[in-house]
Amino acid sequence: MAIEREEILPKYWYNIIPDLPKPLPPPRDPPDAEFSRIDLLRKIMPKEVLRQQFTVERFIKIPEEVREAYLNIGRPTPLMRAKRLEEMLNTPAKIYFKFEGATPTGSHKINTALPQAYFAKAEGVNHVVTETGAGQWGTAVALAARMYNMESTIFMVKVSYEQKPQRRTIMELYGGKVYASPTNLTEYGKKVLAENPSHPGSLGVAMSEAIEYALTNNYRYLVGSVLDVAILHQSVIGQEAMKQLDILGEEPDILIGCVGGGSNFGGFAFPFLGAKRGEKFIAVGSYEIPKFSQGDYMYDFPDSAGLLPMVKMITLGKDYVPPPIYAGGLRYHGAAPSLSLLIKEGIVEWREYSEPEIFEAARLFAEAQGIVPAPESAHAIKAVIDEALKAKKNHERKVIVFNLSGHGLLDLPNYESMMKRLLK
Ligand SMILES: Cc1ncc(COP(=O)(O)O)c(C=O)c1O
């Protein structure tokens, strides 16, 4: 029912920054900076996006036009109960998931692509630029740009460009222009290629190329994760989920999400944290990209070229290149500053799972619920299964809620690769 949907869709974005247990170390320029990265941000980010990045307001009004766009792409997304998974695990726990795979682009990424594109358009820009790994973010930007009649250019990590031709097709269907990064279109790309002509690309490199390209052409750069503003926009997920749980009369005990840069986790979990609902929060990363177990909490660059301001985060280092055969996603080298702080303060717990573990979890979930999860989201599912089994052992009727950040229908090559390598 239209009225009900509009009531569940929030009118404000929630910003956790003022509610953090400690002040968040601010983005800053490197000590010996020959140019100011913060000034550079002013040139490439839409002004309103930059303002929201640095705001300390707790709630920010969602423009009516953006709310309308959210309704058009099918928000609020469903909150579903994984009844059959509960039965298969024989657990007394109840398992719910917020299904962000229900948006047209198949993931949560559209939640911030839309407002960022809207704010770019509002200042008269007609072209937006970004990077993408697996293609989820690039797809979201290409659609958001099209919805506001803008052009889009997407720098896609070269290995994914080759392994994920279908994602490229969707971006091109939406009218996006897609390049395999490293490219010869930017000085940074040329430098990387000069050092290693067969460089497979990385998110950090693609990010740097997108930023440079936006700057040179006076286009706007849209940021997919890590920065506070992306998490702010994603807060529609958790706010909707709270209302949907209220309708069901449920109170969540355990909240779980996967972490690449931290945007779906933050968007889902932070509204619960802010409202003091839930006793345990679990952020799940990849064992193969071990930022939680092996990363340092320090000031680092979000991108490899060091064009963005440094932020204090848990990081493996800006030049980190993920293992090439690994197909599980979550390849980014750092975790958002707000999430990093909450982990360091012991408020959010972390887990890391290996590719064989997440593959098994994905298979079980697909068999139980019929939904093929994104490999990224399968990390969250593995933690859900472990918590549900723990509840069984302890005879506890826990309510577990997790964010299913995307579907995996365009990640079938990943599953194919995993099946070949992992099934005997
Ligand atoms: C479906 C899906 N889930 C999760 C992520 C991880 O990103 P983030 O931590 O910013 O949500 C991605 C990144 O591309 C994704 O496509």
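Note that this is a predicted model, so its numbers are computed, not measured. Numbering of residues begins at 1 and proceeds along the displayed sequence. Both counts, for ligands and for their atoms, begin at 1 and track the order of listing.
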* To do: List the steps, then state whether salt bridge (Lys or Arg N to Asp or Glu O under 4.0 Å) holds for Lys98 with Glu240.
  => CA-CA 9 Å; Lys98 183 74 170 154; Glu240 286 176 7; 2.7 Å; yes

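Salt-bridge check for Arg363 with Glu360: passed, with a basic side-chain N closer than 4.0 Å to an acidic carboxylate O.
Look at Gly133 and you'll find every heavy atom at least 4.0 Å from all atoms of ligand 1.
Under the 30°/60° scheme for interplanar angles, the aromatic rings of His233 and Phe119 are found to be tilted. His127 and Tyr219 have parallel rings, their planes meeting at less than 30° on a 0 to 90° scale where 60° marks the start of perpendicular. Ring planes of Tyr70 and Trp13: perpendicular class, angle over 60° (limits at 30 and 60°).
Every N/O-N/O distance between Val259 and ligand 1 stays at or above 3.5 Å. Close N/O approach between Cys258 and ligand 1 is not found [any backbone or side-chain N/O within under 3.5 Å]. Geometrically, ligand 1 and Ser225 share a nitrogen or oxygen pair separated by less than 3.5 Å.
Side-chain contact annotation: Ser405 with Glu100, donor-acceptor N/O pair under 3.5 Å absent.
For ligand 1, the atoms lying closer than 4.0 Å to a non-hydrogen atom of Asn264 are 4 (C), 8 (P), 9 (O), 11 (O). Annotation for ligand 1: atoms under 4.0 Å from non-hydrogen atoms of Ala374 are 1 (C). When each atom of ligand 1 is checked for a heavy atom of Gly261 under 4.0 Å away, the hits are 7 (O), 8 (P), 9 (O), 10 (O). Those atoms of ligand 1 that come under 4.0 Å of a heavy atom in Gly262, given as number and element, are 8 (P), 9 (O), 10 (O).
Of the candidates Glu376, His407, Glu100, Gln234, Glu376 brings a heavy atom nearest to atom 15 (C) of ligand 1. The option with the heavy atom closest to atom 12 (C) of ligand 1, from among Gln136, Lys109, Arg331, is Lys109. When the options Pro373, Gly135, Gly260 are ranked by their closest heavy atom to atom 9 (O) of ligand 1, first place goes to Gly260.
Residues Phe270 and Tyr14 keep their aromatic ring centres 6.0 Å or farther apart.
Two residues are said to be in side-chain contact when any heavy atoms from C-beta on lie closer than 4.5 Å; Phe402 and Ile95 meet this criterion.
Scanning all protein heavy atoms for the shortest distance to atom 3 (N) of ligand 1 gives Ser405 OG, 2.7 Å.
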